[in-house]
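First the proteins, then the strands, lettered A, B, ... as listed; each starts at 1.
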There are 2 protein chains.
Amino acid sequence: MNGVPELLILKLLRDREMYGYEIVQAIRSQSDDVIAFGEGVVYPVLHALEQEGALRSRRKNVNSRSRVYYTVTPTGARRLEDLSAIWANLAGAIQKMLKGTYAKTTA
Amino acid sequence: MNGVPELLILKLLRDREMYGYEIVQAIRSQSDDVIAFGEGVVYPVLHALEQEGALRSRRKNVNSRSRVYYTVTPTGARRLEDLSAIWANLAGAIQKMLKGTYAKTTA
DNA sequence: AACTATACCTAGCAGTTCAATGTATGTCAA
DNA sequence: TTGACATACATTGAACTGCTAGGTATAGTT
């Protein structure tokens with residue numbers, strides 16, 4: 001039914017290069033704590049996406065800390081488009097169903 | 001992360017009394033086939049909700065077919081409110097994150 | 001010295017949803 | 001009248017997600 005972590009991660013990375021730990025916090029803060037995926041969710045998704053060729057990574061040392069920065073490949077960009085469309089579709093359908101009343105009167 | 005079947009089922013039943021098989025098709029048709037939960041999803045949810053006291057059921061015979069009709073209890077109505085709020089929150093947060101750009105240049 | 005924050009990672013469980021299958025009845029066409 | 005399809009109920013077992021909890025290592029703070 002879902003795939004939200006993948007979607008959000010791809011979206012963030014399309015806007016700018018980021019590293020795992022940063023993504024975890026970006027999701028938290030940008031969603032006002034409504035969504036809070038732990039590292040145990042984010043890291044595996046990053047690895048899987050990289051293996052599928054949707055992301056590319058490179059190590060960078062900042063303040064003697066080793067970070068793995070990720071960027072979106074063309075494949076990943078397409079993937080993002082697909083997931084976005086699916087999500088919009090789904091959210092739209094649910095929204096519509098929750099709004100409508102369709103009471104007994106329509107027989 | 002989810003709970004969509006529960007949400008949609010409660011919503012449909014709050015509008016009018018329905019039976020399982022009918023719910024399966026209502027979700028399909030009202031969502032224009034975007035959402036299609038099978039019977040293996042709907043029936044267990046109905047049973048669980050009834051056991052929690054969120055639904056009440058009664059047998060009815062129509063054209064020599066035995067149907068189990070469900071209605072929402074006050075407990076179920078509260079449950080629906082809760083799930084709706086959670087969903088709206090979640091969908092809103094995701095929507096917001098997908099729209100925003102936060103790019104390096106703010107393009 | 002201990003605690004918190006940064007930064008990476010994995011394993012295993014738990015919950016959800018799906019696909020498949022099964023029963024039984026009714027209807028309609030070949 | 002037989003076979004196919006629709007109605008209507010139900011369960012089981014697998015698959016997939018995502019979460020909790022753990023583990024390593026460095027740096028800064030108290």
Hey, could you give me the CG/CG distance between B:L46 and B:L13, rounded to the nearest 0.5 Å?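 Those atoms lie 6.5 Å apart.
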NE2 on A:H47 to OH on A:Y70, rounded to 0.5 Å: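 The distance works out to 5.0 Å.
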Among [options], which nucleotide has an atom closest to any side-chain atom of [X]?
X: A:R59; options: C:dT17, D:dT7, C:dC8; answer: C:dC8
X: B:E39; options: D:dT7, C:dC8, D:dA10; answer: D:dA10
X: B:N2; options: D:dC9, C:dC18, C:dT17; answer: C:dT17
X: A:P5; options: D:dA8, C:dC8, D:dG18; answer: D:dG18

[X] [atom1] to [N] [atom2]: how many Å, rounded?
X: A:L83; N: D:dT17; atom1: CG; atom2: P; value: 11 Å
X: B:N61; N: D:dT7; atom1: CG; atom2: C1'; value: 14 Å
X: B:Y70; N: D:dC9; atom1: OH; atom2: P; value: 7 Å
X: B:Q51; N: D:dT11; atom1: CD; atom2: P; value: 10 Å
X: B:E50; N: D:dA10; atom1: CD; atom2: C1'; value: 14 Å
X: A:I35; N: D:dG18; atom1: CD1; atom2: C1'; value: 13 Å
X: B:Y19; N: D:dA10; atom1: OH; atom2: C1'; value: 16 Å
X: A:R58; N: C:dC8; atom1: CZ; atom2: P; value: 13 Å

Treating A:S57 as the side-chain partner and A:V68 as the backbone partner, does any N or O pair qualify as donor plus acceptor under 3.5 Å?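 A pair under 3.5 Å: no.
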Do the side chain of A:E6 and the main chain of A:G3 share a donor and acceptor less than 3.5 angstrom apart?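 Not confirmed, A:E6 side chain does not pair with A:G3 backbone.
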Sugar-phosphate only, base, or nothing, as touched by [X] at under 4.0 Å among non-hydrogen atoms:
X: A:E22; answer: nothing
X: A:V45; answer: nothing
X: A:G38; answer: nothing

Below 4.0 angstrom from OP1 or OP2 of [N], is there any side-chain N or O of [X]?
X: A:Q25; N: C:dA7; result: no
X: A:R67; N: C:dA7; result: yes
X: A:Y43; N: C:dC9; result: no
X: A:S64; N: D:dA27; result: yes
X: B:Y21; N: D:dT7; result: yes
X: B:H47; N: D:dC9; result: no

So, A:K11 and A:D15, do they make that salt bridge, N to O below 4.0 Å?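 Yes, this pair counts.
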Option among A:R58, A:R56, A:R67 that satisfies the salt bridge (charged side-chain N to carboxylate O under 4.0 Å, His left out) test with A:E17: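 Among A:R58, A:R56, A:R67, the one that satisfies the salt bridge (charged side-chain N to carboxylate O under 4.0 Å, His left out) with A:E17 is A:R58.
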Residue pair A:N63/A:V41 against DNA chain D: nearer the 5' end by closest nucleotide is A:V41
